[in-house]
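Each chain gets a letter, A, B and so on, in the order the sequences are listed, and its residues count up from 1. Values in this document were obtained by computation on a predicted structure and should not be read as measured data.
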Amino acid sequence: MRVLSARKLVALVAIALGTGLGVGLFTFTYARGLSYFSTDPRACINCHIMNDEYDSWGKASHHAAAGCVDCHLPRDTIPKYIAKAENGYRHSRGFTFQDFHEPIQIKPKNSRILQNNCLKCHGDLMHDIVEGSTTDVTSVTCVHCHASVGHGPTR
Amino acid sequence: NIFERKQEAKNPYLRVVDVTEDTVDPAVWGSNWPRQHDGYKQTVQASSTNFGGGDAHPAEKAEKEPWLTRMFAGYAFAIDYRDRRGHAHMLFDQEQTRRVTEKPQPGACLHCHASIIPAYRFVGKGDVMKGFEEVCAMPYQKAHELVDDKGNKLISHPVGCVDCHDPKTMELRVTRPGFLVGIKSLKEHQGTKDYDVNRDATRQEMRSFVCGQCHVEYYFKGDRKTVTYPWSNGLKVEEIEKYYDDMGFTDWKHKETGAPVLKAQHPEFEMWNQGIHARSGVSCADCHMPYKREGALKISDHWVRSPLLNKSRACQQCHHYPEEEIQARADVIQERTHALMRRSAAALVDMLDAINDARKAGAGDEQLKAALAFHRKAQWRLDFVAAENSMGFHAPQEAARILAEAVDYARQGQIAAKAAPRAPATQPGK
Amino acid sequence: NIFERKQEAKNPYLRVVDVTEDTVDPAVWGSNWPRQHDGYKQTVQASSTNFGGGDAHPAEKAEKEPWLTRMFAGYAFAIDYRDRRGHAHMLFDQEQTRRVTEKPQPGACLHCHASIIPAYRFVGKGDVMKGFEEVCAMPYQKAHELVDDKGNKLISHPVGCVDCHDPKTMELRVTRPGFLVGIKSLKEHQGTKDYDVNRDATRQEMRSFVCGQCHVEYYFKGDRKTVTYPWSNGLKVEEIEKYYDDMGFTDWKHKETGAPVLKAQHPEFEMWNQGIHARSGVSCADCHMPYKREGALKISDHWVRSPLLNKSRACQQCHHYPEEEIQARADVIQERTHALMRRSAAALVDMLDAINDARKAGAGDEQLKAALAFHRKAQWRLDFVAAENSMGFHAPQEAARILAEAVDYARQGQIAAKAAPRAPATQPGK
Ligand SMILES: [Ca+2]
Ligand SMILES: [Ca+2]
């Protein structure tokens with residue numbers, strides 16, 4: 001492993017704290033919890049449970065434009081690492097205990113991250129239509145019409 | 001939560017002119033929002049589909065569906081009842097219809113055919129609700145010719161930007177008193193007190209509510225002809241029927257049978273509400289005003305029209321099938337509905353014939369009581385689907401269900417008429 | 001745990017025993033594919049939903065729907081007609097039904113209730129088609145007791161692995177002669193000559209065709225009682241009716257009215273074909289055998305049952321709504337259908353009464369001709385929806401359409417019966 005930058009180290013601690021609770025470092029390292037640092041989509045399929053999303057991402061319109069983290073993690077550094085810790089904890093826990101809801105469903109908080117990321121790339125084009133509401137509950141969400149951009153049609 | 005962007009309350013649009021609550025002319029708004037205005041102007045264009053309206057000279061509906069003339073016997077709709085067309089024509093079409101030129105109509109008609117709120121405000125001296133009630137009660141022509149203090153006509157435009165948008169923020173809002181009151185009564189029925197649509201609705205709901213201002217069943221309440229939406233028992237066909245039955249309301253006495261019947265008008269909002277799209281949060285604007293890209297901007301297409309003329313934008317974002325397949329799906333639904341509508345109409349006509357025969361043979365209102373009650377029920381249902389403008393698309397199974405009931409009641413009416421005692425006064429011992 | 005999971009992902013298909021075309025016992029296959037076999041075994045379990053079958057002691061359908069007894073007057077279904085339940089019970093339930101114990105039935109019945117192809121092959125001396133025809137023509141008990149050269153019973157298992165899977169490749173395949181012939185005639189009608197389902201169907205199609213082997217409308221053709229699927233005019237209710245009308249087929253003479261009526265049996269495949277799911281390529285297996293994850297493996301759930309018992313896998317893969325919302329959507333559809341079914345049934349019963357009255361008053365077959373023709377049409381439609389097992393879910397608008405027609409024909413039959421001349425022989429001058 002390469003020497004970690006200070007920033008990443010801080011993040012690792014955050015993740016480890018989250019992950020440590022009830023799961024233990026074994027899961028985390030064996031299942032490549034560190035892949036949460038990576039922006040390489042292949043990192044996400046260190047858990048086979050993400051295979052479907054990976055495969056479908058590869059066939060959907062954005063695979064050349066955006067990787068998993070571009071859509072699913074916040075852009076700003078601190079929020080990003082908090083989200084990584086939170087999700088890293090939950091995913092590791094889920095993978096170990098196999099007690100999550102299937103089919104996997106995006107959580108409301110992660111939906112908002114997603115919506116923000118659409119706007120990160122497409123905000124200018126969207127200017128007129130989203131004005132005044134982006135991620136609040138009364139907003140018109142992008143996936144209402146574009147549910148297939150990340151992973152192709154689901155139905 | 002920390003990674004949510006703070007919402008900016010600033011006004012986003014660059015404005016070159018000022019628009020206010022009194023700016024009814026869309027062209028003025030057009031200087032600020034030329035793209036939306038361009039779309040809006042397109043609504044003058046002729047356009048039509050298998051079942052959708054929109055010709056330059058809209059046909060009489062009875063040309064394709066001759067039974068309508070019998071269904072409406074004795075009512076203004078038997079004189080002149082045409083296919084709808086684009087928003088730009090709504091005021092003109094109302095002025096010209098023989099329902100208005102040959103029959104006295106109230107100012108109430110203008111509620112949905114003109115950019116009318118400034119007129120209400122003027123007449124009500126600032127109180128829109130009061131003005132609304134007064135204008136409803138005026139004769140149509142008098143209301144239409146209202147002028148303000150400077151002698152300028154108050155009513156001169158069809159639905160305009162100000163009817164759906166707050167001129168300050170450009171947010172969607174509902175302006176029509178009929179809807180404000182109607183939705184409140186519906187929400188109360190559903191257990192929510194003091195519902196204020198402009199305060200409590202979500203943005204996605206507003207994308208349907210602005211249309212629900214007009215695309216609804218209505219009646220004129222009382223002598224003052226107040227436009228009213230009969231929703232306090234719910235939006236389903238039998239819930240609205242109950243509303244009318246409970247208050248003993250009737251639109252007119254059917255000329256052939258004498259039954260006290262109801263007229264259903266364009267219940268798009270009510271029907272859509274029973275469908276799977278509404279359940280899935282798909283709004284009127286999603287299909288009828290889909291987003292379109294113009295250069296560096298994405299905007300809502302203000303050319304409100306049949307989505308089947310615009311399938312790539314209106315349907316394909318959600319349904320990834322070729323356009324032909326999308327059209328075919330709509331066709332299956334609409335053709336099933338149309339066949340059932342014809343079937344119900346045939347039953348209705350048979351019933352009318354049977355009642356007429358019974359009358360000729362001497363049966364009176366008393367003997368025909370059961371038959372006439374069936375007539376009212378059957379016709380209400382058939383008309384509800386026929387007057388709804390999507391030919392069943394907005395709620396396919398619901399439309400079929402309503403027509404099934406229409407058939408049943410019409411045939412039962414026919415049976416009751418045949419069984420009605422003839423010339424009863426002269427029958428001895430019975 | 002994670003270690004195990006990574007291992008599992010590697011080799012799913014290790015065979016420990018050999019299976020052949022003659023291996024009808026699923027337990028043997030179970031040694032190779034224990035997960036699928038575990039699911040298969042679950043089909044013994046009792047389970048039921050609002051409208052779905054599955055109790056341990058399936059109720060007589062007439063308990064909930066008493067009108068069925070009158071609809072089936074004079075036919076075996078009036079004696080004993082229960083809710084369906086899981087696949088494991090199919091052979092037992094057939095052996096036990098009073099339709100079999102009290103009425104003579106042909107070997108044809110076994111076509112869909114047993115793992116029967118080896119028996120056909122044996123009787124046909126290698127020719128499955130020939131054996132099929134011969135077994136159909138035998139009396140039920142004789143067919144059921146067939147033994148092979150060694151004296152082993154040939155028919156002892158309900159539907160098993162071999163009925164849907166090629167033992168060599170595990171690929172899906174259709175084995176039932178009724179379906180092989182039926183789908184060929186349908187494809188021919190649609191313009192495709194010489195269709196061979198096992199050669200020409202796509203994998204996704206096969207995921208429905210294996211079920212269409214049995215979940216279909218059928219009749220026994222001719223004296224030899226050959227199981228036949230009446231599809232050569234198409235799969236819609238009126239297309240199948242035309243098939244029967246053209247050949248003058250009738251299942252039985254209705255005991256009350258004497259009308260030559262038809263019996264509809266479980267037309268799931270036909271109804272599904274009219275729905276939006278079929279159009280969208282959603283197969284029976286997608287909903288009734290959804291994928292489930294067992295460790296790192298994804299397998300098809302072989303516990304074939306109501307998808308409403310398994311909404312997360314059966315529906316949420318495509319519809320991202322909470323389970324309660326999915327249930328509510330199904331409820332709306334099924335309740336609408338059920339209400340319409342009751343409405344048609346009431347109309348049917350009124351018609352039966354009217355015909356009975358006319359007969360009592362002396363009307364004969366000649367005078368009742370029109371009424372009896374309506375009876376046949378109405379009953380066929382009502383039964384088509386009632387016998388279909390999804391209470392309208394597989395094609396909501398189509399089910400409502402069919403019921404609307406049923407109401408119309410039943411009421412017209414009632415009218416015709418009331419109008420039928422009474423005691424005609426003695427009427428002078430006519
Ligand atoms: Ca009305
Ligand atoms: Ca049959």
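Listed by sequence position, C:Gln274, C:Ile276, C:Arg279, C:Ser280 are the residues of residues 270-281 of chain C in contact with chain B, using a 4.5 angstrom heavy-atom cutoff. Interface residues of residues 373-392 of chain B toward chain C, defined by a heavy-atom distance below 4.5 Å: none. Scanning residues 313-325 of chain B against chain C with a 4.5 Å non-hydrogen threshold yields B:Tyr321, B:Glu325, sorted by number.
Partners of B:Glu398 according to the salt bridge (charged side-chain N to carboxylate O under 4.0 Å, His left out) rule, which considers only residues two or more places apart in sequence or in another chain, are B:Arg401, C:Arg336.
Across C:Ala400, C:Pro396, C:Ala410, the residue that shares the most heavy-atom pairs under 4.5 angstrom with chain B is C:Pro396. Interface check for chain B: of the options C:Asp408, C:Thr337, C:Leu403, the most heavy-atom pairs under 4.5 Å are formed by C:Asp408. Note on B:Gln412, B:Glu405, B:Arg411: by heavy-atom pairs under 4.5 Å with chain C, the leading option is B:Arg411.
Considering every non-hydrogen atom in both C:Val407 and B:Ala404, the closest pair reads CG1-O, 4.4 Å. Nearest heavy atom pair, residue B:Gln397 against residue C:Ile333, reads NE2-O, 3.4 Å.
Heavy atoms of other residues, nucleotides or ligands lying less than 6.0 angstrom from NZ of B:Lys236 number 12 at most.
Atoms CD and NZ, from C:Gln414 and B:Lys418 in turn, are 11.5 Å apart once rounded to the nearest 0.5 Å.
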